[in-house]
Amino acid sequence: MRSNIHVKDKVAIVGAGITLFRRRLLETPRELAWEAAKMALDNAGLTLKDIDCVVIGTAPDAFDGIHLNGEYLADGSGGFSKPTVRVYVGGGTGVMVPIAAWWHVASGHCKTVLAVAEEKMSPAHPHPQGVFAYIWDPILERPLGPNLIWIFAMEMRRYMHKCDAKKEDIALVSVKNKRNALDNPVAQAAANITVEDVLSSELLVWPVNRLDISPVSDGAAALVLASENMARRVTDSPVWVEGIGFTLDNTHWYNRELGFPRYVNYAARLAYKMAGIERPWKEIDVAEPYDPFDYKELHHIEGLMLARPCEAPRLLKEGWFNRSGELPTSPSGGLLGVGNPIAAAGLMKVAELFWQLRYEAGARQVKKPVHRGVAQAWGDLMQAGTVIVLGN
Amino acid sequence: MTKKYPGTYLKRDEMYSLPGLVRYKPTAKYSFSAGIAQTKFLEGLKKGKIIGVKCPSCGRVYVPPRAFCEYCHVPMNEYVELPGTGEIHTAVISYISTFRQRMDKPEIVGVVKLDAPGYTKESYEFAGLFHRFCGITEEDVISGKAIGMRVKPRWKPENERTGSVTDIECFEPVES
Ligand SMILES: [Zn+2]
């Protein structure tokens with residue numbers, strides 16, 4: 001790691017766990033957190049006794065319907081009687097969890113961290129979209145009666161205009177990711193669909209149809225992170241955290257160019273600088289950009305500098321981002337294919353890089369040899385960017 | 001990975017017939033103050049004016065106004081009236097309400113980039129508002145003709161204005 005900052009310890013991921021992602025799960029949020037945490041510990045060959053600290057991520061309390069959801073999840077996440085903290089940056093939370101776990105270890109404060117993300121959206125009734133009503137500014141936005149999908153539609157429309165991209169170009173992301181998810185045993189929305197299926201699905205807010213959007217989900221994911229010494233003791237194939245970056249823009253999303261995600265780009269630059277990466281489009285072998293909507297994957301690929309601005313739709317069409325392509329993106333199946341239990345979905349992306357970089361992704365393993373990957377999430381009102389670079 | 005993954009899927013009917021299923025509806029109610037800067041903005045709307053605030057340090061004019069410049073971190077007190085005209089940055093057609101019910105009549109909404117000093121044409125950020133559009137068609141949105149279109153606020157009649165963002169009915173094309 002060619003880091004520009006002082007760290008006490010190098011940090012590695014040594015284990016990962018995940019539950020099924022489904023529209024409705026019987027398990028409570030803390031039961032889901034427990035299942036993922038236990039699987040990650042087993043995978044690392046460790047027990048809870050070996051864990052120094054716990055980091056928890058879960059998106060707005062309003063989804064699970066439990067106030068102080070981090071505290072509620074603490075025991076299921078293994079945080080009982082340990083230094084435990086919840087981090088939260090909206091949809092960016094899932095990648096913020098391993099970022100926070102990184103600084104716990106890099107600072108020398110903890111040798112091992114259990115990082116757990118959980119989301120249960122099924123309690124919100126009749127549909128979680130109602131819960132999103134409360135993220136809008138109460139004075140200037142709520143009186144206009146917005147639906148969450150509006151803001152995505154506005155960004156997508158601007159991106160299409162700026163980049164001369166068509167709806168069918170963008171729908172290819174949904175086709176690719178849902179197809180990739182056919183090989184993912186936890187996936188909720190895996191399917192062999194066509195561009196025509198996306199375009200003819202229910203029109204919600206033009207240009208957004210239902211199949212442009214990831215589904216509503218319950219689920220949990222977890223990672224175990226460890227200092228270099230500890231990591232080398234427990235595994236022959238640690239996956240190193242080489243760079244992290246996170247930034248926040250303001251809530252005035254209608255005061256900026258919506259065609260390019262500055263909030264992701266700044267975070268990516270921080271992460272690449274730490275990892276010593278100067279040409280990410282050449283040096284990154286596999287990527288998990290955040291894809292709650294199909295255009296978002298393209299938007300984020302450009303924010304992550306894996307393609308030039310407005311170049312992603314053409315590269316997508318040429319197969320560049322397929323599993324067999326030059327720079328596979330969302331080989332997991334992404335949020336569009338695996339599902340979107342918000343915080344857990346972001347952490348799922350980091351877990352997928354862990355499996356890819358250990359050549360443990362099975363049928364999902366990308367064709368090319370992999371040395372370095374980047375995962376990213378975005379959150380809030382077009383505001384938060386969270387980026388992590390991993391290497392083997 | 002050949003292991004079995006935890007999690008017990010429930011069909012919709014199964015969930016709603018679970019033993020001990022609790023239904024709960026919060027009854028929290030709120031009253032939000034608009035604060036120092038936005039109150040000036042809302043007072044302006046009541047008079048049919050778009051009010052911005054100018055940073056003494058970098059010269060940006062902010063709409064909606066805020067009490068401090070986020071770049072320079074200095075207080076802003078110089079409120080200025082803007083013409084209210086601008087161009088459409090993005091526009092979409094909504095067929096669903098806040099709670100996802102189908103709407104009888106689709107609504108066109110989006111972002112207006114307002115004419116304001118302190119920015120260049122290439123600036124990433126700009127003075128602007130999120131609002132409804134009227135006088136433009138669904139076809140204008142889909143074809144892209146709407147983007148870049150010059151618009152101005154259509155005000156509610158003065159006696160119906162309350163100091164709310166809805167004192168502007170919508171933004172409509174300048175030529176109409
Ligand atoms: Zn300033």
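In the text below, chain A, chain B and the rest are named by the order of the sequence lines, each starting its count at 1. Keep in mind that the numbers below use all heavy atoms, side chains included, and drop hydrogens, waters and symmetry copies.
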Give a yes or no on this: more than 12 heavy atoms of other residues, nucleotides or ligands lie within 6.0 Å of atom NZ of A:Lys167.
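More than 12 within 6.0 Å, yes.
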Report which part of B:Arg66 has an atom under 4.5 Å of a heavy atom belonging to chain A: side chain, backbone, both, or neither.
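For B:Arg66, side-chain heavy atoms alone lie under 4.5 Å from chain A.
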For each of B:Pro26, B:Ala34, B:Gly35, tally heavy-atom pairs with chain A at distances under 4.5 Å, and name the one with the top tally.
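The answer is B:Ala34.
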Using a cut-off of 6.0 Å, state whether more than 12 heavy atoms not belonging to B:Tyr79 lie near its atom OH.
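Counting neighbours around OH of B:Tyr79, more than 12 heavy atoms of other residues, nucleotides or ligands fall under 6.0 Å, so yes.
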Under 4.5 Å, counting heavy-atom pairs only, tell me which of B:Ile147, B:Leu129, B:Thr166 racks up the most with chain A.
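Result: the option with the highest number of such pairs is B:Ile147.
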What pairs with A:Asp212 under side chain to side chain donor-acceptor pair (under 3.5 Å), at least two apart in sequence or on another chain?
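None.
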Portion of B:Leu42 that has a non-hydrogen atom of chain A nearer than 4.5 angstrom
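Answer is side chain: those atoms of B:Leu42 sit under 4.5 Å from chain A.
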Near A:Lys38 NZ, under 6.0 Å, is it more than 12 heavy atoms from other residues, nucleotides or ligands?
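Incorrect, the count does not exceed 12.
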Gap between atom CE of B:Met15 and atom CG of A:Leu25 - 0.5 Å precision:
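Reported to 0.5 Å precision, the distance equals 10.5 Å.
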Just wondering, do B:Pro106 and A:Trp206 contact through their side chains at under 4.5 Å, heavy atoms?
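Heavy-atom side-chain distance check fails, nothing below 4.5 Å.
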Taking atom NZ as the centre, does A:Lys162 end up with more than 12 heavy-atom neighbours from other residues, nucleotides or ligands that are less than 6.0 angstrom away?
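Yes, the 6.0 Å shell around NZ holds more than 12 heavy atoms from other groups.
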Any chance you could measure A:Tyr254, atom OH, to B:His89, atom NE2, to the nearest 0.5 Å?
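So the gap between those two atoms works out to 13.5 Å.
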For the candidates B:Lys113, B:Met103, B:Lys11, which exhibits the highest count of non-hydrogen atom pairs separated by less than 4.5 Å from chain A?
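Option with the greatest count: B:Lys11.
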How far apart are the closest heavy atoms of B:Ala127 and A:Asn255, and which atoms are they?
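Between these two residues, the closest heavy atoms are C-ND2, 3.9 Å.
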Can you find a pair of side-chain heavy atoms, one from A:Ile18 and one from B:Tyr5, that are under 4.5 Å apart?
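Sidechains of B:Tyr5 and A:Ile18: in contact.
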Between A:Glu35, A:Gln188, A:Arg262, A:Glu141, which shows the greatest number of heavy-atom pairs under 4.5 Å with chain B?
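The answer is A:Arg262.
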Measuring from A:Ile149:CD1 to B:Ile96:CD1, what's the distance to the nearest 0.5 Å?
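Rounded to the nearest 0.5 Å, the CD1-CD1 separation comes to 4.0 Å.
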Side-chain contact test, heavy atoms from C-beta onward, threshold under 4.5 Å: evaluate it for A:Leu20 versus B:Tyr9 and give yes or no.
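Result no, sub-4.5 Å side-chain heavy-atom pair not found.
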Angle class for the A:His125/B:Tyr16 ring planes (parallel below 30°, perpendicular above 60°, tilted otherwise)?
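Aromatic pair A:His125/B:Tyr16 classed perpendicular.
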Under a plain distance cut-off of 3.5 Å, with no hydrogens placed, do A:Glu27 and B:Thr8 share a side-chain donor-acceptor pair?
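Result is yes, a qualifying pair exists.
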Contact class of A:Arg142 relative to chain B, heavy atoms under 4.5 angstrom
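Contact with chain B is through the side chain of A:Arg142 alone.
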Side-chain heavy-atom pair B:Tyr30, A:Tyr134 within 4.5 angstrom cut-off:
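The answer is no, as the side chains (C-beta and beyond) never meet within the 4.5 Å cut-off.
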Who among A:Met160, A:Arg158, A:Arg22 has the most heavy-atom pairs with chain B under 4.5 Å?
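Top count of heavy-atom pairs under 4.5 Å with chain B: A:Arg158.
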Engaged part of B:Ser33 at the chain A interface, taking heavy atoms whose separation is under 4.5 Å
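Looking at B:Ser33, just its backbone touches chain A.
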Relative to chain B, which of A:Leu144, A:Leu203, A:Ile151 shows the most heavy atom pairs under 4.5 Å?
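Looking at each option in turn, the highest pair count goes to A:Leu144.
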Quick check for you: to the nearest 0.5 Å, what is the distance between B:Tyr124 atom OH and A:Asp249 atom CG?
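With rounding to 0.5 Å, OH (B:Tyr124) is 6.5 Å from CG (A:Asp249).
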For each of B:Ile108, B:Leu18, B:Leu10, tally heavy-atom pairs with chain A at distances under 4.5 Å, and name the one with the top tally.
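Maximum pair count with chain A is reached by B:Leu10.
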What part of B:Ser31 is in contact with chain A, defined as an atom under 4.5 angstrom from a non-hydrogen atom: side chain, backbone, both or neither?
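Answer is neither: B:Ser31 stays 4.5 Å or more from chain A.
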Please classify the contact between B:Phe41 and chain A as side chain, backbone, both or neither, with a heavy-atom cut-off of under 4.5 Å.
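Just the side chain, heavy atoms under 4.5 Å.
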Whether B:Thr90 side chain and A:Met154 backbone form a donor-acceptor pair below 3.5 Å
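Yes: the side chain of B:Thr90 pairs with the backbone of A:Met154.
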So which part of A:Asn250 gets closer than 4.5 Å to some heavy atom of chain B, the side chain, the backbone, both or neither?
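Just its side chain gets close to chain B.
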Would you find more than 12 non-hydrogen atoms of other residues, nucleotides or ligands less than 6.0 Å from A:Trp150 atom CH2?
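It does: A:Trp150 CH2 has more than 12 such atoms within range.
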When you compare the side chain of B:Ser97 with that of A:Asn147, does any pair of heavy atoms fall below 4.5 Å?
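With C-beta onward as the side chain, the pair stays apart.
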Largest heavy-atom contact set with chain A, pairs under 4.5 Å, which of B:Thr98, B:Val111, B:Leu114, B:Val165
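Ranked by contacts with chain A, first place is B:Thr98.
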Does B:Val141 offer a backbone N or O that forms a donor-acceptor pair with the side chain of A:Arg157 under 3.5 Å?
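Yes; judged by distance alone, with no hydrogens or angles, the pair exists.
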Donor-acceptor contact present, side-chain A:His252 to main-chain B:Glu125, <3.5 Å:
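Side chain of A:His252 to backbone of B:Glu125, a donor-acceptor pair under 3.5 Å: no, none is there.
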Would you mind telling me which of B:Pro6, B:Ser123, B:Gly128, B:Gly7 has the largest number of heavy-atom pairs within less than 4.5 Å of chain A?
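Of the options given, most contacts go to B:Pro6.
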Closer than 4.0 angstrom, basic N to acidic O: yes or no for A:Glu202 and B:Arg100?
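Between B:Arg100 and A:Glu202 there is a salt bridge, with a charged N closer than 4.0 Å to a carboxylate O.
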Between B:Glu107 and chain A, with a heavy-atom cut-off of 4.5 Å, which part of the residue counts as in contact: side chain, backbone, both or neither?
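The side chain, not the backbone.
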